Amino acid sequence: QLQLVESGGGLVQPGGSLRLSCAASRFTLDYYAIGWFRQAPGKEREGVSCISGSGGRTNYADSVKGRFTISRDNAKNAVYLQMNSLNPEDTAVYYCAADLTRRPPFAPCRTQENEYGSWGQGTQVTVSS
(Lines give C-alpha, C1' and ligand atoms only; values in the text may rest on other atoms or scores of the structure.)
Protein backbone atom coordinates (compact mmCIF):
# COMPACT_ATOMS: atom_id res chain seq x y z
CA GLN A 1 0.00 0.00 0.00
CA LEU A 2 1.24 3.48 -0.86
CA GLN A 3 2.21 5.43 2.27
CA LEU A 4 2.93 9.15 2.42
CA VAL A 5 4.83 11.17 5.01
CA GLU A 6 4.64 14.96 5.37
CA SER A 7 7.37 17.14 6.83
CA GLY A 8 8.48 20.77 6.93
CA GLY A 9 5.84 22.35 9.15
CA GLY A 10 6.60 24.67 12.03
CA LEU A 11 6.08 28.09 13.55
CA VAL A 12 6.54 31.10 11.28
CA GLN A 13 5.77 34.83 11.51
CA PRO A 14 3.20 36.48 9.23
CA GLY A 15 4.73 37.16 5.84
CA GLY A 16 7.18 34.30 6.19
CA SER A 17 7.66 31.15 4.13
CA LEU A 18 7.77 27.39 4.57
CA ARG A 19 8.27 24.47 2.22
CA LEU A 20 6.38 21.27 2.94
CA SER A 21 7.48 17.89 1.63
CA CYS A 22 5.45 14.77 0.89
CA ALA A 23 7.51 11.60 0.48
CA ALA A 24 6.39 8.17 -0.68
CA SER A 25 7.22 4.99 1.19
CA ARG A 26 7.86 1.75 -0.72
CA PHE A 27 5.96 2.65 -3.91
CA THR A 28 6.73 5.35 -6.45
CA LEU A 29 4.52 8.37 -7.17
CA ASP A 30 4.94 8.14 -10.96
CA TYR A 31 1.28 7.51 -11.82
CA TYR A 32 -0.48 9.31 -8.99
CA ALA A 33 -1.84 12.82 -8.90
CA ILE A 34 -1.07 14.20 -5.42
CA GLY A 35 -3.11 16.69 -3.41
CA TRP A 36 -2.44 18.92 -0.43
CA PHE A 37 -5.23 19.53 2.08
CA ARG A 38 -5.43 21.38 5.36
CA GLN A 39 -7.60 21.46 8.46
CA ALA A 40 -7.73 24.43 10.82
CA PRO A 41 -8.97 24.10 14.42
CA GLY A 42 -12.74 23.74 14.48
CA LYS A 43 -12.98 23.77 10.67
CA GLU A 44 -13.64 21.24 7.92
CA ARG A 45 -10.72 19.91 5.94
CA GLU A 46 -10.26 21.79 2.66
CA GLY A 47 -8.32 21.28 -0.54
CA VAL A 48 -5.27 23.47 -1.06
CA SER A 49 -3.56 22.31 -4.24
CA CYS A 50 -2.91 19.31 -6.47
CA ILE A 51 -0.48 18.23 -9.15
CA SER A 52 -0.94 15.71 -11.97
CA GLY A 53 1.08 12.53 -12.30
CA SER A 54 3.21 14.08 -15.03
CA GLY A 55 3.81 17.23 -13.00
CA GLY A 56 2.52 19.33 -15.87
CA ARG A 57 -0.93 20.26 -14.53
CA THR A 58 -1.65 22.02 -11.24
CA ASN A 59 -4.62 23.45 -9.37
CA TYR A 60 -4.92 25.88 -6.44
CA ALA A 61 -7.61 27.02 -4.06
CA ASP A 62 -8.49 30.69 -4.49
CA SER A 63 -7.30 31.40 -0.96
CA VAL A 64 -3.70 30.39 -1.75
CA LYS A 65 -3.40 31.24 -5.45
CA GLY A 66 -0.37 33.43 -6.11
CA ARG A 67 1.20 32.56 -2.75
CA PHE A 68 1.65 28.77 -2.83
CA THR A 69 3.41 26.67 -5.46
CA ILE A 70 3.16 22.90 -5.80
CA SER A 71 5.84 20.85 -7.54
CA ARG A 72 7.10 17.28 -7.76
CA ASP A 73 10.33 15.40 -8.28
CA ASN A 74 9.42 11.88 -9.36
CA ALA A 75 13.07 10.80 -9.25
CA LYS A 76 12.94 11.42 -5.48
CA ASN A 77 9.36 10.18 -5.06
CA ALA A 78 8.47 13.53 -3.53
CA VAL A 79 5.96 16.36 -3.85
CA TYR A 80 6.51 19.83 -2.40
CA LEU A 81 4.38 22.79 -1.39
CA GLN A 82 6.20 26.12 -1.26
CA MET A 83 4.21 28.54 0.88
CA ASN A 84 5.01 32.26 0.73
CA SER A 85 3.39 35.35 2.27
CA LEU A 86 1.86 33.27 5.03
CA ASN A 87 -0.85 34.76 7.22
CA PRO A 88 -2.57 33.53 10.41
CA GLU A 89 -5.48 32.11 8.39
CA ASP A 90 -3.03 29.58 6.92
CA THR A 91 -2.59 28.00 10.36
CA ALA A 92 -3.67 24.36 10.07
CA VAL A 93 -2.53 20.77 9.93
CA TYR A 94 -1.44 20.07 6.36
CA TYR A 95 -1.90 16.66 4.75
CA CYS A 96 -0.88 15.13 1.45
CA ALA A 97 -2.79 12.32 -0.23
CA ALA A 98 -2.84 10.32 -3.46
CA ASP A 99 -5.61 10.44 -6.07
CA LEU A 100 -6.97 6.88 -5.99
CA THR A 101 -8.63 7.20 -9.40
CA ARG A 102 -5.14 7.08 -10.94
CA ARG A 103 -5.95 9.53 -13.68
CA PRO A 104 -3.88 9.58 -16.86
CA PRO A 105 -0.63 11.40 -16.04
CA PHE A 106 -1.38 14.34 -18.32
CA ALA A 107 -4.96 14.83 -17.17
CA PRO A 108 -5.81 17.83 -14.98
CA CYS A 109 -6.15 17.20 -11.24
CA ARG A 110 -8.71 18.40 -8.73
CA THR A 111 -8.94 18.46 -4.93
CA GLN A 112 -12.07 16.32 -4.64
CA GLU A 113 -11.43 14.87 -1.20
CA ASN A 114 -13.42 11.65 -1.65
CA GLU A 115 -11.17 10.68 -4.57
CA TYR A 116 -8.04 10.66 -2.38
CA GLY A 117 -6.51 8.12 -0.03
CA SER A 118 -3.21 7.00 1.51
CA TRP A 119 -3.26 10.09 3.71
CA GLY A 120 -0.11 11.09 5.54
CA GLN A 121 -0.04 11.82 9.26
CA GLY A 122 -0.06 15.59 8.76
CA THR A 123 2.35 18.38 9.65
CA GLN A 124 1.44 21.41 11.77
CA VAL A 125 1.84 24.90 10.32
CA THR A 126 1.38 27.80 12.74
CA VAL A 127 1.55 31.42 11.56
CA SER A 128 1.73 33.83 14.48
CA SER A 129 3.65 36.79 15.88
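Counting from 1, the numbers follow the sequence of the chain as shown. Heavy atoms only: backbone and side chains are in, while hydrogens, waters and symmetry mates are out. Note that this is a predicted model, so its numbers are computed, not measured.
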Side-chain donor-acceptor pair present, Ser52, Ser54, cut-off under 3.5 Å: yes
Hey, what do you get for [atom1] ([X]) to [atom2] ([Y]), rounding to the nearest 0.5 Å?
| X | Y | atom1 | atom2 | result |
| --- | --- | --- | --- | --- |
| Ser118 | Asp99 | OG | CG | 11.0 Å |
| Leu86 | Arg67 | CG | CZ | 6.5 Å |
| Thr69 | Asn84 | OG1 | CG | 6.5 Å |
| Ile34 | Thr111 | CD1 | OG1 | 13.5 Å |
| Tyr94 | Ser7 | OH | OG | 15.0 Å |
| Gln82 | Ser17 | CD | OG | 6.0 Å |

Intermediate values then yes/no, side-chain contact (heavy atoms from CB on, under 4.5 Å), Gln3 and Trp119: CA-CA 7 Å; Gln3 293 182 316; Trp119 297 85; over 6 Å; no
Given 3.5 Å as the limit, does a donor-acceptor pair link the side chain of [X] with the main chain of [Y], or not?
| X | Y | value |
| --- | --- | --- |
| Glu46 | Phe37 | no |
| Tyr60 | Ile70 | yes |
| Glu6 | Cys96 | yes |

Sidechain N-carboxylate O distance under 4.0 Å for Arg38, Glu89: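 Salt bridge flag = no for Glu89 with Arg38.
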Heavy-atom side-chain contact between [X] and [Y] under 4.5 Å:
| X | Y | result |
| --- | --- | --- |
| Gln121 | Val5 | yes |
| Leu18 | Val125 | yes |
| Gln39 | Glu44 | no |
| Arg103 | Tyr32 | no |
| Ile51 | Val79 | yes |

Do you know which two heavy atoms are closest between [X] and [Y], and how far apart they sit?
| X | Y | value |
| --- | --- | --- |
| Gly53 | Asn74 | O-ND2, 3.4 Å |
| Gly117 | Ala97 | O-CB, 3.5 Å |
| Leu81 | Ser49 | CD1-CB, 4.3 Å |
| Leu2 | Ala98 | CD2-CB, 3.6 Å |

Test applied, side chain to side chain contact (heavy atoms under 4.5 Å, CB included); reference residue, Pro14; option that passes from Asp90, Val127, Asn87: Val127
side-chain contact (heavy atoms from CB on, under 4.5 Å) evaluation trace for Met83 with Arg19: CA-CA 6 Å; Met83 307 186 296; Arg19 190 175 87 151; over 6 Å; no
Within 45° cone and under 6.0 Å: Arg72 NZ/CZ vs Tyr80 ring: no
Asn59/Arg57 under side chain to side chain donor-acceptor pair (under 3.5 Å): CA gap, chis, key distance, verdict: CA-CA 7 Å; Asn59 227 318; Arg57 308 293 290 272; over 6 Å; no
Aromatic ring proximity, centroids under 6.0 angstrom, Trp36 and Phe68: no
